[in-house]
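To start, the structure itself, in structure tokens.
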Amino acid sequence: MATRDAGETDDPARDDRANYDYRSDDVTRPGLVADLRKRVEGEVRFDEYSRQLYATDASAYEVTPIGVVFPRSTEDVAAVMTYCAEREIPVLPRGGGTSLAGQSVNEAVVLDFTHHMDALLDFDPEGRTARAQPGIVLGDLNRALADSDLKFAPDPAWGDKSALGGAIGNNSTGAHSLKYGKTDAYVEECEVVLADGTVTRFGEVTMDELREGADGDSLKARIYAEVLRILDEEAEAVRDAFPRLKRNVSGYNLDRLVEEAEDGAVNLARLLAGSEGTLAIVTEATVSLEPVPETKSMALLTYGSLNDAMEDVAPILDHDPAAVEVLDDVLVELARDTEEFRDVVEMLPEGTDSVLLVEFYAEDDADGREKVARLRGDREGDRALAAMEAHDEAERARFWKLRKSGLPILLSRTTDAKHISFIEDAAVPPEHLPEYVAEFQRVLEENDTFASVYAHAGPGCLHIRPLIDTKSPAGVNQMAAIADGVTDLVVEYGGSVSGEHGDGRARTQWNRKLYGERVWNVFRDLKTAFDPDWLLNPGQVCGDVSTTENLRFSPDYGFDAGFDPALNWENDNGFQGMVELCHGCGGCRGGQETTGGVMCPTYRAADEEITSTRGRANMLRQAMSGSLPDDEQFDVEFMHEVMELCIGCKGCARDCPSEVDMAKLKAEIEHEYHRRHGASLRDRLFANIGRLSALGSALAPLSNWATKIPGSRILAEKTVGIASERSLPTFHRESLEDWFEKRGTRVAEADADRRVVLFPDTYTNYNHPEAGKAAVRVLEAAGVHVRLPSGVTASGRPAHSKGFLDKSREQAERNVAALAPFVRDGWDVVVVEPSDAVMFQSDYLDLLPASEASGSSSGQYAEPRSADPEAGGIRTEAERLAANTYGVCEYLDTFDFDLAFGGSGSLTYHGHCHQKATKKDHHAVSVLRRAGYEVDPLDSGCCGMAGSFGYEAEHYSMSQAVGRILFEQVDASAGAEVVAPGASCRTQLGDWQGEEPPHPIEKVAEALR
């Protein structure tokens, strides 16, 4: 291990206290590993955890690879390829693993380029080109180009997680393909490693240069010769077989090759676009760039039926839009049920079934408004019922979010039947959309299922995901029949089986039907010329993979959690449904700069798949479905590598498109782990921090002096594992409860419009009572009668976050019993500490059963419930408590009290991740602004402290690595002072800047007049 001060290293695992290294100890094919490690500078991982992590992508498929290599250079790639070629070992180049057709999983040595080979190497703003490595994420590439008002134009929906190499491999495009086309139009030159390990470059060559290069015995010469043969002998067959369609990415890119040859030159780098890593391995790419549009304008057109919307697409294209997107009635209704979009949907005229979103690029705002006006004048009142406009950036973003709002709900099914991507991006000429959609729906009806229709209507590429249960033989047959039937439709209407997401395992089978036998064999000849032994991602594009093979969920799939869950799982299929929910899109892999939001902090710090929500979810599922040894999920190594590095931020419950609740899954696994293996002294101390804090307060100031004795921190680390770098909490002799008891309330109950029970959370009560005092002052200034309750205990958050669910349930029952009578009598419950507020608002509902038979110690708290026959059971009371509990700023903002403020100055606001996850974080910003402050709310993730996580010696380096992301945001903010509601956040920020920042309510109290 390297230096002790891991806070200064790139990898948190290099701290000698860290008990993780992102892999397992069992290694497959150790001889192969040893040979590769001698040849490459990058990491070589053939352990079981790494292999399982790369067995899936965003598709419906799963194939365990041979192993994974993280190359650092082209030389590494060439060394791996040379070695594997000599031994006939397949190789698979991979980017972000966001592919939807299964092309990034294979039984091969996987090369993950996103780990090290992700740099922008050169940028020529005058020539409008950029040269980059294949692992660079498209969002990062465009962020680096932003100051020059240039961009890499293709914009796949997941562009802030997908890599440039993947974009080339898939020939990616996006919502604005009407303007920009596909990736192949922007590939100028590629450095590649060929199937024999040769490093060469492909770019534009004249026909004479192509003929000259075809003379020789090298692999490159044989490639030139085959390309020349195709142009000389097969050009007419290619023209006849390929659909005349902007959105075709199936097969090899021969239509572009033939078209270019007519002008006397071809660009062989563009032949790699859409090849899915089956022809060569791209190690550098030079791409051309496009100017960022000056501005944009949008129109939302509404229709009485999906058919009317489809009939209107072709006429709309006459207006030269940049994008035309569709939402059908299924997605419109899903959006209506979403709080964020309900007001937009309710503005739609009665009878709206489907909508088209039309976006224009414009030279200025007046130009944009004119384009929208012309469109409305032409289409509104014809088939379109009505139209709405959006011109400023915020409103346009709202329209786009509306278009994307339904997909997460489609992907959040925890049933065995799921909306599967296997024929979703078939494309046809836009003029055929009405007939095609009608026929597609007939195919679905014949196979007894349904799907929603959305996405890129303009270029004729609709996303349609049928609902299918592939765990059943009938479902697998359904899948095959639908794919076959839709392929027939595509051929009939002159379309393509893939207009966006590639062939992979989902569609390779259908290329023979799409192109015919002759061109199918041309594909295979080209593949053989590039890759004589078919070692590069074998089976894809023109190989022998089948749509229904290697399914992640198949009739042979089995699941055994290995224990009985302790929490309520009210979703379909319960705990199993949540474990199986991740569909692999990689939404948790985005960087803070490009993606924002909360998810996933440890991935952002470590850049390791196993630290992402996707990685953890896959590992849990594979442990419980037999891909790993029995009960691996409760193994010590599994806990260290997989579960303990989840810091329980709850960001995935909001930011994951499927809303995988990894924090809740972790609590279950830790609970069972404690049952089987026991718990450490440190874990028990943190779980009982309420009692310890009460003792520390009673003994203050002696308890505070003890932590400052030289050597005390080192002793704490050696004995219980608390990081010696951490400052320990300061205890106040006079707790918030003591202060309030002496002071009393200042607003009589009879004079108050509202009554509040202020819950004395542990941290506010014993460590930072100033925040609680400020809350009391502000609430009373608002005319609220405030009382502190008796009979309550700690909220249960510390015990819950450490997996002591019996204890957190007991605390929940006690607090519900104590607070329920207040709630029934019309009181509100207010909490200063965000994580404790969310405990009441959310986690208690996971802990407390719907029936009285909880199996825990609830009986001793029964008296307050039985006192009122209308009370109902403990679950009913917990639901009432959840509905009437507020964070302090949430309460002030929700009820909009009339307060006189005179605050001034600028603040940088870092919100608590639990509040962000429950969409309550905006309240504090609103209240601070009303108080008179200028506020810069950071789009920040977790601070990295995460309760006890940042105190744990083995996790200190990871905590600091997560924290540095926040520190950089704070440094970049214009605010003069930082505020943060979370106790952990204030500790982390205080250790960094030398002084703990205030709680927002303290600044609100300061601003009172």
Side-chain angles (χ1 to χ4, degrees), residues 568 690-691 693-694 735-737 740-741 745 747 749 752 754-766 771-772 775-776 779-780 784-800 805 807-850 852 854 856-892 894-895 914-915 918 920:
N568 297 326
R691 291 183 181 178
S693 296
S735 69
L736 175 65
E737 290 176 309
F740 191 82
E741 184 178 1
T745 185
V747 176
E749 185 174 355
R754 303 197 71 86
R755 298 169 296 168
V756 156
V757 178
L758 183 67
F759 179 78
D761 66 84
T762 296
Y763 188 82
T764 304
N765 196 29
Y766 299 115
V776 171
L779 288 169
E780 290 183 341
V784 176
H785 174 70
V786 181
R787 185 181 299 182
L788 266 63
S790 60
V792 294
T793 185
S795 73
R797 170 61 67 203
H800 200 73
L805 300 184
K807 182 172 185 61
S808 62
R809 180 179 294 109
E810 177 186 341
Q811 292 170 318
E813 289 173 332
R814 180 169 173 177
N815 287 331
V816 169
L819 296 172
F822 287 100
V823 174
R824 291 199 303 268
D825 196 33
W827 290 64
D828 305 309
V829 177
V830 171
V831 188
V832 174
E833 173 59 34
S835 62
D836 292 272
V838 173
M839 193 75 191
F840 289 168
Q841 294 167 332
S842 175
D843 297 278
Y844 278 11
L845 303 183
D846 293 333
L847 282 164
L848 300 178
E852 288 295 312
S854 68
S856 62
S857 56
S858 60
Q860 62 180 302
Y861 306 121
E863 185 174 351
R865 294 195 295 276
S866 60
D868 183 349
E870 301 297 321
I874 190 170
R875 173 56 181 243
T876 301
E877 291 179 341
E879 289 172 351
R880 288 176 182 152
L881 176 60
N884 290 280
T885 295
Y886 306 85
V888 61
C889 289
E890 176 191 1
Y891 188 71
L892 294 171
T894 299
F895 294 103
H914 286 185
Q915 285 186 320
T918 52
K920 298 177 182 294

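- For Y844, the ring pair (Phe, Tyr, Trp, His ring centres under 6.0 Å) partners at least two apart in sequence or on another chain are F840.
- Closest non-hydrogen pair, R880 versus V823, comes out as O-CG1, 3.8 Å.
- Nearest heavy atom pair, residue A752 against residue V747, reads CB-CG1, 4.0 Å.
- Taking the side chain as every heavy atom from C-beta outward, F759 and E833 never approach each other to under 4.5 Å.
- Between R787 and R755, the closest side-chain pair of non-hydrogen atoms is not below 4.5 Å.
- Distance alone, capped at 3.5 Å, is enough to place a donor-acceptor pair between the N815 side chain and the A794 backbone.
- Taking OG1 of T764 as the reference point, atom CG of L736 lies at 7.5 Å (rounded to 0.5 Å).
- A donor-acceptor distance shorter than 3.5 angstrom exists from the side chain of N568 to the backbone of L845, with no hydrogens or angles considered.
- Of the listed residues (V776, L758, N765), just one forms a side chain to side chain contact (heavy atoms under 4.5 Å, CB included) with V832, and that residue is L758.
- To the nearest 0.5 Å, the span separating CG on D836 from NE2 on H800 amounts to 12.0 Å.
- Taken to the nearest 0.5 Å, the CD atom of E780 stands 9.0 Å off from the NE2 atom of H785.
- Listed for the D825 side chain is no donor-acceptor partner under 3.5 Å among the backbone atoms of P821.
- Counting heavy atoms from C-beta outward, R797 and D843 have side chains that approach closer than 4.5 Å.
- Residues satisfying the ring pair (Phe, Tyr, Trp, His ring centres under 6.0 Å) test with Y886, not counting sequence neighbours, are Y891, F895.
- What you find for S693 and Y766 is that their closest heavy atoms are CB-CD1, 3.6 Å.
- With Q841 as the fixed residue, the side chain to side chain contact (heavy atoms under 4.5 Å, CB included) test singles out one of L881, T885, V831: T885.
- A donor-acceptor contact shorter than 3.5 Å is absent between the side chain of S842 and the backbone of V838.
- When every heavy atom of V786 is checked against every heavy atom of F740, the shortest pair comes out as O-CZ, 3.4 Å.
- Side chain of R754 to main chain of V784: no donor-acceptor pair is present (N/O by atom type, distance under 3.5 Å, no hydrogens or angles).
- At a threshold of 4.5 Å between non-hydrogen side-chain atoms, the residues H914 and K920 do not count as touching.
- Note that CG of D761 is 13.0 Å distant from CE of M839, once rounded to the nearest 0.5 Å.
- Using a 4.0 Å cut-off between a side-chain N of Lys or Arg and a carboxylate O of Asp or Glu, R875 and E879 qualify as a salt bridge.
- When all heavy atoms of A812 and L847 are compared, the pair lying nearest together is CB-CD1, 4.2 Å.
- Residue E741 places its CD atom among 12 or fewer non-hydrogen atoms of other residues, nucleotides or ligands, all under 6.0 Å distant.
- Looking only at distances, a side-chain donor or acceptor of S808 sits under 3.5 Å from a matching main-chain atom of L805.
- Side-chain contact check for P789 versus P760: some heavy-atom pair is nearer than 4.5 Å.
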Residue pair D828, V756: steps toward the side chain to side chain contact (heavy atoms under 4.5 Å, CB included) verdict: CA-CA 5 Å; D828 305 309; V756 156; 4.2 Å; yes
